[in-house]
Each structure stands twice: as C-alpha cells, then as structure tokens.
Amino acid sequence: MKLNPALAAICALVLPCALHAETFEGKLTMSMTSSSKEGNQTLNLSLKEGFMRTDIQSARGTMSAIMDSKNQQMIILMPEQRMYMVQPLNPPGQAPMQGAPAASDATLQDTGVKETILGYVCTKFVATSSRGTAQIWVTDQLGTFTGLFHGAGGPMGHRPQAPQAWESALKGHNFFPMRVISNNKEGTFRLEVTSVEKTSLPDSDFAAPDGWRKFDMGAMMGGAMPGG
C-alpha cells in the first residue's frame, strides 16, 4: 500500500509539542509562511482537556494527528486510506524517543513591549541563538507551548527535523505564541494566529472515525526489514 509521504512529517507533529488544553477549550487557526520548500500552510488546532488535535492544510493535502495525553498515545489519521495509526507517547521519566531533536542554545529576552492580538494581551520576546533571532509575541492565556510541527521531516521512521531556536527558547514557559517572525540559517519563517474560538468540542473530534481501519506501523516496518 502506498502511503501519503506527508505522514512522515505528521509523526513529528505531536511528540515534540504539547498544549495544556485544560486552560482552554476550542479552536485556533494559524497561518505559517516559510522560505523552505513547505511554503504556506494553515494549521488548525482543536483543544480539549487532555486532548489536542492538529489538522494541517498544505499542497500535500490535509494531515491530522490527535494527542491523547490521558492515554499517553498519539493517533495519526490517514484520510485518503480511511485508516489510522496509534503510537505511544513517552511516559514520564523515560528517555526521549530515538531520533528526537537535540536541545538548542537559544535564550529568551523579555522586551517589555505589549500588544493585544485577537483580544489577548501579548508580550514581545526576542529569542537569540547561534542559528539566528526571532521576535515572538506570546500570551499566557492559551496554555503552554513547547514545539511546532515541521513538515520537512524525512521518510517514516527517520529522525524528525529539529525544532527552530525560538521553539526551544519557549520550552518551560507558560506561553503560547500568537505571532512569530524568525530569521535564521534555515531561512525566514512567520507564524500568526488568525482566529481563536472558545467552544465546546465533542469527544468524537479526538478519536478515529467509525469504520476506519487501524494500521499496524510495527508490522509494516518489521516486514520491510530482513528477517521481518
């Protein structure tokens, strides 16, 4: 069976990032512009206590993943095949998944500048590292953000692309970025939250649709290897 190549990237979507959805239930839309080959993308987040669903729209089509922190698992949806995969998340205290991105040398500076974006009071920070600088406008009213999807990951099972320096700089802070303007060795990048909607979401949004078939990733990889 031929898999959508974008699934390689979606595997790196949730593992390096998390939002504490218990502080917010609803939907967010983000616009991402990059000088990389990924180009322009629209990122839709659905948040509910213990769950985060991410739907990405790009030239490759729609990619979706659900992080279920209650059951410590990630559900990857494959709409074209009407299938889904389930991958475990690393339990507390366990070493990171093999191939996880390395830490960054980024530092974070509070400029003291305030701006209201979509009704949320934001503070402007500047992240600086050996890779470049980024201006980040963050709010503390939408949970804690520690990473972002990178669509340039390699083939399924290979090492995911490392996070940008500004993402690493935000790690450990109770911030959510409403706007990011980054210039680094990898090129330019802009992230902007374009809408925030507080609303109750059904549990069905955070589960594989009825009638979809579960795909066994382990069986596929094992069968592709000598002796598998």
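The analysis underlying the following values was restricted to heavy atoms, covering all of them including side chains, and did not include hydrogens, waters or symmetry mates.
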Undergrad: So which atom in Ala169 and which in Ala127 form the shortest heavy-atom distance, rounded to 0.1 Å?
TA: CB-CB, 3.9 Å

Undergrad: Any side-chain heavy atom of Trp137 sitting closer than 4.5 Å to one from Lys124?
TA: yes

Undergrad: Are side-chain heavy atoms of Val193 and Tyr120 found at a separation under 4.5 Å?
TA: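 No, their side chains stay 4.5 Å or more apart.
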
Undergrad: Nearest 0.5 Å, what's the CZ-CD1 distance between Phe189 and Ile181?
TA: 11.0 Å

Undergrad: Go through the steps to decide whether Leu108 and Ile136 satisfy the test side chain to side chain contact (heavy atoms under 4.5 Å, CB included), and finish with yes or no.
TA: CA-CA 10 Å; Leu108 197 63; Ile136 317 167; 4.1 Å; yes

Undergrad: Any heavy-atom pair between the side chains of Asp210 and Ser204 that's under 4.5 Å?
TA: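 No - every pair of side-chain heavy atoms lies 4.5 Å or more apart.
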
Undergrad: side-chain contact (heavy atoms from CB on, under 4.5 Å) with Asp110: which residues, sequence neighbours excluded?
TA: Thr123, Phe125

Undergrad: Go through the structure and list residues passing side-chain contact (heavy atoms from CB on, under 4.5 Å) with Asn44, not counting sequence neighbours.
TA: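 Expected list: Thr29, Thr42, Asp55, Gln57.
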
Undergrad: Would you say Phe24 ends up clustered with Leu118 if hydrophobic residues are merged whenever their side chains have heavy atoms under 4.5 Å apart, either directly or through other cluster members?
TA: yes

Undergrad: Donor-acceptor pair, Glu25 side chain versus Leu201 backbone, under 3.5 Å?
TA: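 Yes, Glu25 side chain to Leu201 backbone: donor-acceptor pair under 3.5 Å.
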
Undergrad: When rounded to the nearest 0.5 angstrom, what distance separates CE in Met63 from CD in Glu80?
TA: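 So the CE of Met63 and the CD of Glu80 are separated by 11.0 Å.
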
Undergrad: Check Ala207 against Ile75 and note the closest heavy-atom contact, atom names and distance.
TA: CA-CD1, 4.5 Å

Undergrad: Check Thr194 against Ser31 and note the closest heavy-atom contact, atom names and distance.
TA: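 Where Thr194 meets Ser31 most closely, the heavy atoms are CG2-CB, 4.0 Å.
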
Undergrad: About how many Å separate CG of Asn40 and OG1 of Thr33, when rounded to the nearest 0.5 Å?
TA: 4.5 Å

Undergrad: Flag the pair Thr111 / Gln135 as yes when at least one side-chain heavy-atom distance between them is below 4.5 Å, and no otherwise.
TA: no

Undergrad: Ignoring hydrogens, what is the shortest heavy-atom contact between Asp205 and Ile66? Give both atom names and the distance.
TA: O-CD1, 3.8 Å

Undergrad: For Phe206, enumerate each residue passing the ring-ring contact (aromatic ring centres under 6.0 Å, His included) test, keeping only those at least two apart in sequence or located in another chain.
TA: Phe51

Undergrad: Lys214: which residues meet the side-chain contact (heavy atoms from CB on, under 4.5 Å) condition with it, sequence neighbours left out?
TA: Tyr84, Val86

Undergrad: Below 4.5 Å, heavy atoms only, C-beta onward: do Trp166 and Leu191 meet side chain to side chain?
TA: yes

Undergrad: Atom CD1 in Ile56, atom CD in Gln41: separation rounded to 0.5 Å?
TA: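 Answer for the CD1-CD pair, Ile56 versus Gln41, is 5.5 Å.
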
Undergrad: What residue among Asp140, Leu170, Leu28 forms side-chain contact (heavy atoms from CB on, under 4.5 Å) with Phe176?
TA: Leu28

Undergrad: If you define the side chain from C-beta out and look only at heavy atoms, does anything of Leu77 sit under 4.5 Å from Trp212?
TA: yes

Undergrad: Please list, chain by chain and in numerical order, all residues satisfying side-chain contact (heavy atoms from CB on, under 4.5 Å) with Thr133, sequence neighbours excluded.
TA: Thr128

Undergrad: Determine, step by step, whether Met85 and Met78 satisfy the side chain to side chain contact (heavy atoms under 4.5 Å, CB included) criterion, reporting the C-alpha distance in whole Å, the side-chain angles of both residues, the deciding distance to 0.1 Å, and the verdict.
TA: CA-CA 8 Å; Met85 292 191 298; Met78 300 177 279; 3.7 Å; yes

Undergrad: Could you pull out all residues at least two apart from Asn71 that satisfy side chain to side chain donor-acceptor pair (under 3.5 Å)?
TA: Asp68

Undergrad: Nearest 0.5 Å, please: how far is CD in Gln81 from CZ in Arg213?
TA: 9.5 Å

Undergrad: Among pairs that include at least one residue of residues 26-35, which meet salt bridge (Lys or Arg N to Asp or Glu O under 4.0 Å), considering only residues two or more places apart or in two chains?
TA: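 Of all non-adjacent pairs touching residues 26-35, none passes salt bridge (Lys or Arg N to Asp or Glu O under 4.0 Å).
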
Undergrad: Assigning hydrophobic clusters by single linkage (Ile, Leu, Val, Met, Phe, Trp, Tyr; side-chain heavy-atom cutoff under 4.5 Å), is Met178 placed with Val126?
TA: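 Unlinked, Met178 and Val126 end up in two clusters.
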
Undergrad: So, using side chain to side chain donor-acceptor pair (under 3.5 Å) as the criterion, who are the partners of Ser130 when residues are at least two apart?
TA: Asp105

Undergrad: Nearest 0.5 angstrom please: Thr199 OG1 to Leu47 CG, how far?
TA: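 CG of Leu47 is found 12.0 Å from OG1 of Thr199.
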
Undergrad: Quick one: which residue pairs count as a salt bridge (Lys or Arg N to Asp or Glu O under 4.0 Å) with a foot in residues 192-204, not counting sequence neighbours?
TA: Lys48-Asp203, Arg179-Glu192, Arg190-Glu192

